[in-house]
Amino acid sequence: MKPIIAPSLLSADFGNLEKDIQMLNRSEADWIHLDVMDGVFVPNISFGIPVIKAVRRLSEKPLDTHLMIVQPERYIHTFKEAGCDLLTVHWEACTHLHRTITQIKEEDMLAGVALNPHTPIEGLEDIINDLNLVLVMSVNPGFGGQKFIERSLNRISRLRDMIKRNHSEALIEVDGGVGLDNIAAIIKAGADAVVAGNAVFKSSDPEQTIHNLKSA
Ligand code: DX5
Ligand code: ZN
């Protein structure tokens, strides 16, 4: 089984998003990963609804949206209207995580939960059967181009065990510092999908790099 590849638009050319999205449409990318940052949950601010609507018009691929914002439950319907297919909220940002997941699914989107590197994987066990996806952060969220935290491999394996044990259908996606040098180890540890920002967009031939990631 080939991994799901989700290039992150955070590392694309914001002065010419159309060109980069057309490249992604031609490529073997499965999803487009959208990093929404509010400057509160994470120290950085990225982009929001108007940009996502524009991406939706241009993209032929599903939009995998990663909300790095506080109180994400306030915006679930708004992100659905903007055209998101998969909505991932942070464990650390949700007081009523189960309710939020239910609301995402009621809007006919797939529901994901992201875990910061310090958040125990085990905290998900009681809702793992309600999730479509778990996003394992392999860097501290906020910026592209950071170094992969090696301990994430152990976290992916433990999550894979938990998913099996509970007969859950949740996919494991890994985000941060993923590239051609470590994708094989990440998949071997149990990941189904990877996000790649810098590895794709800072390479000399992004379309070829997506192909290489897909066949790694
Ligand atoms: C980080 C974001 C990532 C980021 C990944 O907070 O969630 O999706 O774009 O970028 P790379 O692949 O460059 O580490
Ligand atoms: Zn992300």
Side-chain angles (χ1 to χ4, degrees), residues 3-14 17 20-21 23-24 27 29-48 51-52 55 59 61-70 72 75 79 84-94 104 109-119 132-153 155-156 171-187 191-204 206 209-210 212-214 216:
I4 292 167
I5 307 295
S8 165
L9 224 52
L10 192 62
S11 301
D13 176 3
F14 281 27
L17 276 183
D20 282 341
I21 294 167
M23 179 280 291
L24 293 176
S27 79
D30 298 278
W31 301 339
I32 298 187
H33 185 82
L34 300 176
D35 289 301
V36 178
M37 304 181 185
D38 66 356
V40 179
F41 181 72
V42 287
N44 199 5
I45 299 176
S46 58
F47 52 78
V51 173
I52 295 178
V55 174
S59 167
K61 313 261 171 159
L63 301 184
D64 163 30
T65 306
H66 175 192
L67 299 185
M68 284 160 275
I69 65 175
V70 298
Y75 296 101
F79 281 103
C84 298
D85 300 282
L86 199 165
L87 203 62
T88 294
V89 295
H90 263 266
W91 193 93
E92 305 82 8
C94 295
I104 293 172
M109 292 182 284
L110 297 174
V113 171
L115 299 179
N116 279 340
H118 75 279
T119 302
N132 300 112
L133 180 132
V134 179
L135 185 62
V136 177
M137 290 308 301
S138 41
V139 297
N140 287 294
F143 303 93
Q146 303 182 80
K147 191 177 168 324
F148 182 85
I149 299 171
E150 285 299 322
R151 177 72 184 178
S152 310
L153 294 174
R155 291 167 60 74
I156 297 163
L171 297 173
I172 302 178
E173 185 176 28
V174 178
D175 188 4
V178 178
L180 285 167
D181 54 327
N182 56 12
I183 185 167
I186 292 165
I187 300 303
D192 303 289
V194 296
V195 176
N198 268 24
V200 167
F201 288 101
K202 306 295 178 211
S203 74
S204 55
T209 301
I210 292 169
N212 295 346
L213 287 166
K214 189 87 189 163

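Just so you know, ligand 1 is whichever comes first in the structure, and atom 1 is the first atom listed for that ligand.
- The nearest heavy-atom contact from the protein to atom 6 (O) of ligand 1 is G142 N, 2.7 Å.
- Side-chain contact between M68 and N44: absent, with no pair of heavy atoms (C-beta onward) separated by less than 4.5 Å.
- If you number the atoms of ligand 1 from 1 as listed, the ones under 4.0 Å from a heavy atom of H66 come out as 7 (O).
- Below 4.0 Å from some heavy atom of H33 lie the following atoms of ligand 1, by number and element: 8 (O).
- Looking at ligand 1, you won't find any N or O of M37 less than 3.5 Å from one of its N or O atoms.
- At the Zn ion (ligand 2), the vertex angle linking OD2 of D175 with OD1 of D35 is 170° (nearest 10 degrees).
- Few gaps surround CZ on F201; more than 12 heavy atoms of other groups in view lie less than 6.0 Å from it.
- Close approach of ligand 1 to M137 (heavy-atom distance below 4.0 Å) involves ligand atoms 7 (O).
- Under 4.0 Å from ligand 1, the heavy atoms of A196 that appear belong solely to its backbone.
- When hydrogens are left out, the protein atom nearest atom 10 (O) of ligand 1 is G144 CA, 3.5 Å; that is the closest non-hydrogen contact.
- Within the 4.5 Å cutoff, side-chain heavy atoms of F47 are placed close to those of L34.
- With hydrogens and angles left out, the side-chain atoms of H33 and D35 include a donor and acceptor closer than 3.5 Å.
- Between the side chain of D192 and the backbone N or O of L133 there is no donor-acceptor pair closer than 3.5 Å.
- When the options S204, S203, S27 are evaluated for a side-chain hydrogen bond (donor to acceptor under 3.5 Å, both in side chains) with T209, the one that passes is S203.
- A donor-acceptor pair is defined here as one N or O able to donate and one able to accept, closer than 3.5 Å; such a pair exists between the side chain of S11 and the backbone of N198.
- Applying the 4.0 Å criterion to heavy atoms of P141 picks out, from ligand 1, the atoms 6 (O).
- In summary, the atoms of ligand 1 found under 4.0 Å from a heavy atom of N198, numbered by their order in the structure, are 11 (P), 12 (O), 13 (O).
- Between V51 and L9, the closest side-chain pair of non-hydrogen atoms is not below 4.5 Å.
- For the residue pair S152 and S138, no side-chain donor N or O sits within less than 3.5 Å of a side-chain acceptor on the partner.
- Heavy-atom contacts of F143 reach the following atoms of ligand 1: 1 (C), 6 (O) (cutoff under 4.0 Å).
- Side chain of N132 to backbone of G112: no donor-acceptor contact under 3.5 angstrom is found.
- When each atom of ligand 1 is checked for a heavy atom of M68 under 4.0 Å away, the hits are 6 (O), 7 (O).
- The nearest protein atom to atom 11 (P) of ligand 1, hydrogens excluded, is given as G145 N, 3.6 Å; this is a heavy-atom distance.
- Residue S11 has no nitrogen or oxygen atom sitting less than 3.5 Å from a nitrogen or oxygen atom of ligand 1, judged on distance alone.
- Between G197 and ligand 1, at least one pair of N/O atoms sits closer than 3.5 Å.
- The atoms of ligand 1 that sit less than 4.0 Å from any heavy atom of G176 are 14 (O).
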